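Heads up: the structure comes next, in structure tokens.
What you see is a predicted model, and the numbers here were worked out from it, not measured in a lab. In what follows, chains carry the letters A, B, and so on, assigned in the order in which the sequence lines appear, proteins first and then strands, with residues in each chain numbered from 1.
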There are 2 protein chains.
Amino acid sequence: MRHVSLLGYAVLGLLHQEPRSGYDVRRIFANTPMGTFSDSPGAIYPALQRLEKDGFVRSKLQSVSDLRRRRVYRPTPSGRRVFRAWQTKSISSEDVIHRMDELLLRFSFMDQTAGQAAAVRFLRDLTRELRRYTPALRKYLKANARQMPLSGMLALESGARSYEELLRWSKSSLSKYMRRKKGGRG
Amino acid sequence: MRHVSLLGYAVLGLLHQEPRSGYDVRRIFANTPMGTFSDSPGAIYPALQRLEKDGFVRSKLQSVSDLRRRRVYRPTPSGRRVFRAWQTKSISSEDVIHRMDELLLRFSFMDQTAGQAAAVRFLRDLTRELRRYTPALRKYLKANARQMPLSGMLALESGARSYEELLRWSKSSLSKYMRRKKGGRG
DNA sequence: CTAGACATGTAACGCGTTACATGATTAT
DNA sequence: ATAATCATGTAACGCGTTACATGTCTAG
């Protein structure tokens with residue numbers, strides 16, 4: 001299995017929702033909060049080509065009226081497999097420290113492609129790692145605050161708060177899934 | 001003035017605190033919450049070489065005992081200028097949406113290199129931009145929540161909460177600077 | 001005496017950025 | 001007519017990742 005970039009996974013996730021063209025993907029990255037990803041053609045089109053070359057998507061040329069070409073991509077079974085494997089792999093402390101953005105991306109498509117049980121597992125793992133990491137940050141802050149300039153200390157404080165908010169989010173999200181289960185919806 | 005990468009600015013900021021070697025920088029990135037940056041030699045040493053080539057730092061070979069070489073870098077006047085210019089440039093909505101990590105890095109060295117007045121200006125600007133952006137996120141969430149799968153909605157919720165927490169942080173940091181001014185310390 | 005920390009580099013590779021290029025269709 | 005949107009691409013460039021290479025010094 002070949003390597004897929006973060007942008008590649010973002011695109012692959014969008015293609016799981018419905019078949020889309022490169023331009024469709026660009027519009028989503030340009031106009032929605034998924035806009036943390038680049039909407040430049042120089043990123044999207046090569047990414048789609050790589051995914052196709054590796055057999056994770058296949059494309060069809062759609063000539064709706066006459067000559068307005070539009071290449072529409074959809075995931076292949078192999079593409080669905082690698083996407084699901086990426087989503088459901090275990091969460092390491094490294095992921096939490098260095099790749100929080102990737103974790104959120106993995107989660108954002110979870111229901112549609114891996115199911116609610118996977119979402120719950122993910123949130124449980126994430127909560128566990130965040131519960132481990134946030135005290136370490138606070139401890140570092142407490143140990144070094146006195147000798148740091150105010151701006152440095154506050155920047156650290158911002159990081160600590162971010163992770164603490166993430167932990168609250170993770171817990172509250174988990175309880176939302178639990179309520180749904182109990183309620184019998186979904 | 002040549003382009004400096006984010007890693008370049010992070011390194012340059014650390015060199016403002018005290019002269020350091022590439023290995024010193026690596027240790028900081030490896031062992032502190034500044035570890036969002038790469039501590040790999042393949043990133044640090046070329047970055048230092050670029051900074052030197054562009055005249056933003058200069059290095060001296062330190063042969064403490066006899067043959068254990070150690071190349072120590074410090075910023076040049078030109079390096080101090082570009083760093084300060086980068087730190088104090090105005091904050092755009094684009095910065096807040098796509099480059100929050102860069103903004104935090106700019107702020108973290110603010111006291112030492114641009115002064116408290118610059119820190120206050122920065123926080124005021126940031127607060128303004130965050131006050132503008134967070135409602136837009138909430139609005140998008142409210143408009144799309146019903147038709148989204150739970151995981152997608154929650155991922156968005158996480159983003160909204162992050163920015164809201166950042167806004168609270170920005171305000172409370174500002175008031176800390178104000179208190180310090182009034183108290184007459186610093 | 002040897003494992004681990006100290007210390008600095010290089011080379012291949014992948015991929016995102018920026019800029020350029022081209023052309024069809026729709027709305028003003 | 002002509003600006004904006006739809007739509008897809010390519011090429012040069014910069015830089016971070018990964019892996020390799022090399023040698024010193026210190027602690028057990």
Do any side-chain nitrogens or oxygens of [X] fall under 4.0 Å of OP1 or OP2 in [N]?
{"X": "A:Arg69", "N": "C:dT22", "result": "no"}
{"X": "A:Arg26", "N": "D:dT5", "result": "no"}
{"X": "B:Ser21", "N": "C:dT8", "result": "yes"}
{"X": "A:Tyr45", "N": "D:dT8", "result": "yes"}

Among the nucleotides [options], which one has an atom lying closest to any side-chain atom of [X]?
{"X": "A:Arg27", "options": "D:dT17, C:dA19, D:dC6", "value": "D:dC6"}
{"X": "B:Tyr23", "options": "D:dT10, C:dT8, C:dG9", "value": "C:dT8"}
{"X": "B:Gln49", "options": "D:dC15, C:dT10, D:dG9", "value": "C:dT10"}
{"X": "B:Arg71", "options": "D:dT8, D:dG16, C:dG9", "value": "C:dG9"}
{"X": "A:Arg50", "options": "C:dT8, C:dC15, D:dT17", "value": "C:dC15"}
{"X": "B:His3", "options": "D:dG14, C:dG9, D:dT8", "value": "D:dG14"}
{"X": "A:Ser40", "options": "C:dT18, D:dT17, D:dT8", "value": "C:dT18"}

Report the residue (A:Pro46 or B:Val4) whose heavy-atom-nearest nucleotide on DNA chain D is the more 5′ of the two.
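Checking each residue's closest nucleotide, the 5'-ward one belongs to A:Pro46.
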So what does B:Gly42 hit on the nucleic acid, given a heavy-atom distance under 4.0 Å: a base, only sugar-phosphate, or nothing?
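If one applies the 4.0 Å heavy-atom cut-off, B:Gly42 turns out to touch a base.
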Which part of the nucleic acid, if any, lies within contact of A:Leu7, taking any heavy atom under 4.0 Å across all strands shown: a base, the sugar-phosphate backbone alone, or nothing?
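Counting heavy atoms under 4.0 Å across all strands, the contact made by A:Leu7 is with sugar-phosphate only.
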State whether a side-chain donor-acceptor pair under 3.5 Å links A:Tyr177 with A:Asp111.
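On atom types as modelled, these side chains qualify, holding a pair under 3.5 Å.
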A:Phe109 and A:His16: aromatic ring centres closer than 6.0 Å?
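No - the distance between ring centres of A:Phe109 and A:His16 does not fall below the 6.0 Å cut-off.
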For A:Val11, run the side-chain contact (heavy atoms from CB on, under 4.5 Å) check against A:Leu6, A:Leu48, A:Ile28, A:Val57 and tell me which one passes.
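Of all the options given, the one that passes is A:Leu48.
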Run the salt-bridge test on A:Arg161 and A:Glu164 with the 4.0 Å N-O cut-off and return the result as yes or no.
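Here A:Arg161 does not pair with A:Glu164 in a salt bridge, since their nearest N and O are not under 4.0 Å apart.
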